Protein chains: 4
Amino acid sequence: MQPPETRPLGRPRSERARRAVLDATLALAEEEGPAGLNMEAIARRANVSKETLYRWWRSKTEVVLEALAERGQRTIPLPDTGSLQDDLGAFLRATVDSADPTTVRLLHAVAAAAAADEAVAHEVRDRFLVTRRAALGQLLGRAVARGDITSSYAALAIDLIYGCLWYRLIFDVGPLDYGWADEVADGIAGTQGPRDVTVG
Amino acid sequence: MQPPETRPLGRPRSERARRAVLDATLALAEEEGPAGLNMEAIARRANVSKETLYRWWRSKTEVVLEALAERGQRTIPLPDTGSLQDDLGAFLRATVDSADPTTVRLLHAVAAAAAADEAVAHEVRDRFLVTRRAALGQLLGRAVARGDITSSYAALAIDLIYGCLWYRLIFDVGPLDYGWADEVADGIAGTQGPRDVTVG
Amino acid sequence: MQPPETRPLGRPRSERARRAVLDATLALAEEEGPAGLNMEAIARRANVSKETLYRWWRSKTEVVLEALAERGQRTIPLPDTGSLQDDLGAFLRATVDSADPTTVRLLHAVAAAAAADEAVAHEVRDRFLVTRRAALGQLLGRAVARGDITSSYAALAIDLIYGCLWYRLIFDVGPLDYGWADEVADGIAGTQGPRDVTVG
Amino acid sequence: MQPPETRPLGRPRSERARRAVLDATLALAEEEGPAGLNMEAIARRANVSKETLYRWWRSKTEVVLEALAERGQRTIPLPDTGSLQDDLGAFLRATVDSADPTTVRLLHAVAAAAAADEAVAHEVRDRFLVTRRAALGQLLGRAVARGDITSSYAALAIDLIYGCLWYRLIFDVGPLDYGWADEVADGIAGTQGPRDVTVG
DNA sequence: CGGTAAGCGAGACGGTACGTCTTGTCTTATT
DNA sequence: AATAAGACAAGACGTACCGTCTCGCTTACCG
């Protein structure tokens, strides 16, 4: 029994080139910002031909998305304390931690591309947002299972939370720090807010 | 003594050109979306020289912003029923109503420009978002005054709500319709969600 | 009465750019040969944008043709001695004189482009060859008028002579010097060749 | 004593691949002309790897030259009627016959490559033109032997005739048909032309 | 019969030129 | 002075072909 994993024909893809491209993308994003982040520059920096770049990534956004995904693999842990608010707080603090300046710049570039082109928006949604949403959904799902929140509220909460995050990110309406993480955890999980009042 | 309001020398600015530019911007946004919305196209469509365009608006974003401001000032009415959820529901339904396809495409263009350039983001925030946030803030303020919610929750709610709106708008994560308006009103104002549970 | 010659609207074409392009073309042809003669290089050398290059010349061949035409307009004098052979000899010697290395390289580039693309070939024929052929035709026409040669022979001679010239140029089959000029003049005008023999 | 013809080690060259390449070259030349005749396309068409192509032919010109040689070796017969003009006419008519569209396109490709690169020009001259020139030289040599023309005129005539042929071929200055063949035979061998006149 | 030395297909690679596009500046004559 | 027209420099875009390379597979022969 041979492994059914039969190698494809031809010269195998160069892992070196792939790494160089993703590293160059992150480096350029860090040093130049989204403005200086173009395919020409990535290719030059990575010592890779544009041919190779376009062979594996159809657009700049695809490159950025993959670079982001790779770096995001320092997975934001999914806490499970039995308390929605504590879980949410920890999750959002970890999310905030992962948003170093380079990542933030990349997210800006991604948002710009998505806003400008619906096809890109869908790509971003389906190849990047979806994983984060799934993680948060899992966390909220536990609260639903406990009966702490309804499932429809959980579904909405994902949009409220990530919406708030991107909103602040794009328009610089407020900081994304531990304070924000705790406020959102509190506001969504709800010891504060309307509920006390409603009771009365 | 001359009148202090001394007319500037030379040919006065052409109101015709200004109107044509703003109209062309709206028309292009509607017909082509953010992709086809470039200075060249605006000038061509408006029968205006690029020179004139750049004389009066330093960038595409300024044009878009001004076009938006002109059309967007149909102020959304602030309902006052005594119930936060009802007020919020009515306000968000009105907001949804104002989001016709043309406006949505313009908002895409604005978001794209803001995401790509922090200075633009601040401009958008301070010249466009601020009035919307103030309106919602006023609505929420009444609930704070009634003691229905805390003021810090009100502040957060603004970000959650508008964040959710832009998030759906940019990434096409879900619809922006009456259903959404009611869900958000419910989720934020809170008969549903964690509160029942907290009570128990 | 104003001159009916009304200037076209807009910024006039930059003579500086035109000159720079044609000069750069000649310089590159001289220094690099047909291989290094590409649009990118011409634009770089002339400090002109590719946009400008492509605005005024649709292809490399058009640039080369115009550069050639400019330099080639030192019209080769049409001698008129009453003797076809003398006229032809003088004309071909002058033609040989005009074929300095730069011109020769340009002619190579033109021939390459013409051979590769029939449309280019026709362009070259109608915009460049035609004037040369006309000149030679005029010279031969005088011999026809004198009754020295038939007009059909004159027509053929044009092809034979210029054909021989390009043939040697392209395939380096033999030199293009005064010796060649005299041989061809002799061979075509004919004191040598079949005629003596035919007499006998 | 071993046979000096010792088979080389390893897998022998695939005759199938060689044939496929040459056939593909001819087919592409016929269907696409010199423009679509590139190594990538030849390899694709022949179901042969570019590696194989470059192993056996160092350049496109070598492939084309070999393809031409294969098909062109239907040696044009050398007539011997005792009359230069008749011989020439027959030879040129046969030459014209051999210039079917495919061959013509190949010749265009060869001319383009030769014009663009002197090394290629020499290769073409020494590997392709030379045999044609030799044939025509032999034909003219008989006329020289008969004393009909001088040997220097014969040498020139080769250039005049083939020059005229390539000139018409490359620049489409006139047809290459029996009419042309007869005119050239007449013009070179010379019952017409200057000679009658010279007599008088 | 198993080892060794090519040839071969597939196809990725770095490189370079292409021709198009958009941005923002400039130079005219006209209003 | 503002305008319409439009040329200009700059530079990224995505495509195409070049000639080289790296694989695994396929012939041959040779010991």
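Naming convention: chains lettered A, B, ... in sequence-line order (proteins, then strands); numbering from 1 in each chain. Owing to the predicted nature of the structure, the values given are computational and were not obtained by experimental measurement.
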Report the distance from atom CD of D:E32 to atom C1' of F:dC17, rounded to the nearest whole Å.
15 Å

Rounded interatomic separation in angstrom, taking CZ from C:R44 and P from E:dA17:
7 Å

Is a salt bridge present between D:E70 and D:R18, judged by a nitrogen-to-oxygen distance below 4.0 Å?
yes

So with a 6.0 Å cut-off around CZ of A:R58, is the heavy-atom count from everything else above 12?
no

Would you kindly give the CZ-to-C1' distance between B:R58 and E:dG24, to the nearest whole Å?
14 Å

Are D:R45 and D:E31 within salt-bridge range, i.e. N to O under 4.0 Å?
yes

When the distance from CH2 of A:W57 to C1' of F:dG14 is rounded to whole Å, what number comes out?
16 Å

Within this structure, what is the CD-to-C1' distance between A:E40 and E:dT16, rounded to whole angstrom?
11 Å

Assess whether a salt bridge exists between D:E51 and D:R55, defined as any Lys/Arg side-chain N lying under 4.0 Å from an Asp/Glu carboxylate O.
yes

5' precedence on DNA chain F between A:P12 and B:E15 (nearest-nucleotide basis)
B:E15

Is there a donor N/O on one and an acceptor N/O on the other, under 3.5 Å, for the side chain of D:E51 and the base of F:dC21?
yes

Given E:dG7, is OP1 or OP2 found less than 4.0 Å from the side-chain N or O atoms of D:S14?
no

With a 4.0 Å cut-off on heavy atoms, is C:R16 in touch with a base, just the backbone sugar-phosphate, or nothing at all?
sugar-phosphate

How many whole angstroms separate atom CG of A:L9 from atom P of E:dA10?
8 Å

Quick check on DNA chain E: between A:R13 and C:P8, whose nearest nucleotide comes earlier from the 5' end?
A:R13

Return yes if the base of F:dA28 and the side-chain atoms of D:R11 contain a donor-acceptor N/O pair under 3.5 Å, otherwise no.
no

Within a 6.0 Å radius of atom CZ on A:R19, are there more than 12 heavy atoms belonging to other residues, nucleotides or ligands?
yes

Would you call D:R105 and D:E30 a salt bridge, taking side-chain N to carboxylate O under 4.0 Å as the test?
no

With nearest nucleotides of DNA chain E determined for A:R55 and B:M39 from heavy-atom distances, which residue corresponds to the more 5′ nucleotide?
A:R55

5′-ward residue of the pair C:V48/A:A41 relative to DNA chain F:
C:V48

F:dG11 phosphate, OP1 or OP2: any side-chain N/O from A:N38 under 4.0 angstrom?
no

B:L53 has an atom CG; how far is it from atom P of F:dG6, in whole Å?
16 Å

Check the distance between E:dG11's P and A:Y54's OH and give it to me in whole angstrom.
23 Å

How would you label the contact of B:R18 with the nucleic acid (heavy atoms, under 4.0 Å): base, sugar-phosphate, or nothing?
nothing

Remember a base hit wins even if backbone is also touched, and classify C:W56 as base, sugar-phosphate or nothing at under 4.0 Å, heavy atoms.
sugar-phosphate

Side-chain N,O (D:T52) to OP1/OP2 (E:dG9) below 4.0 Å:
yes

Hey, is the side chain of A:S49 poking within less than 4.0 Å of OP1 or OP2 on E:dG15, counting only N and O atoms?
no

So, is C:K50 near the phosphate of F:dA9, with a side-chain N or O under 4.0 Å from OP1 or OP2?
no

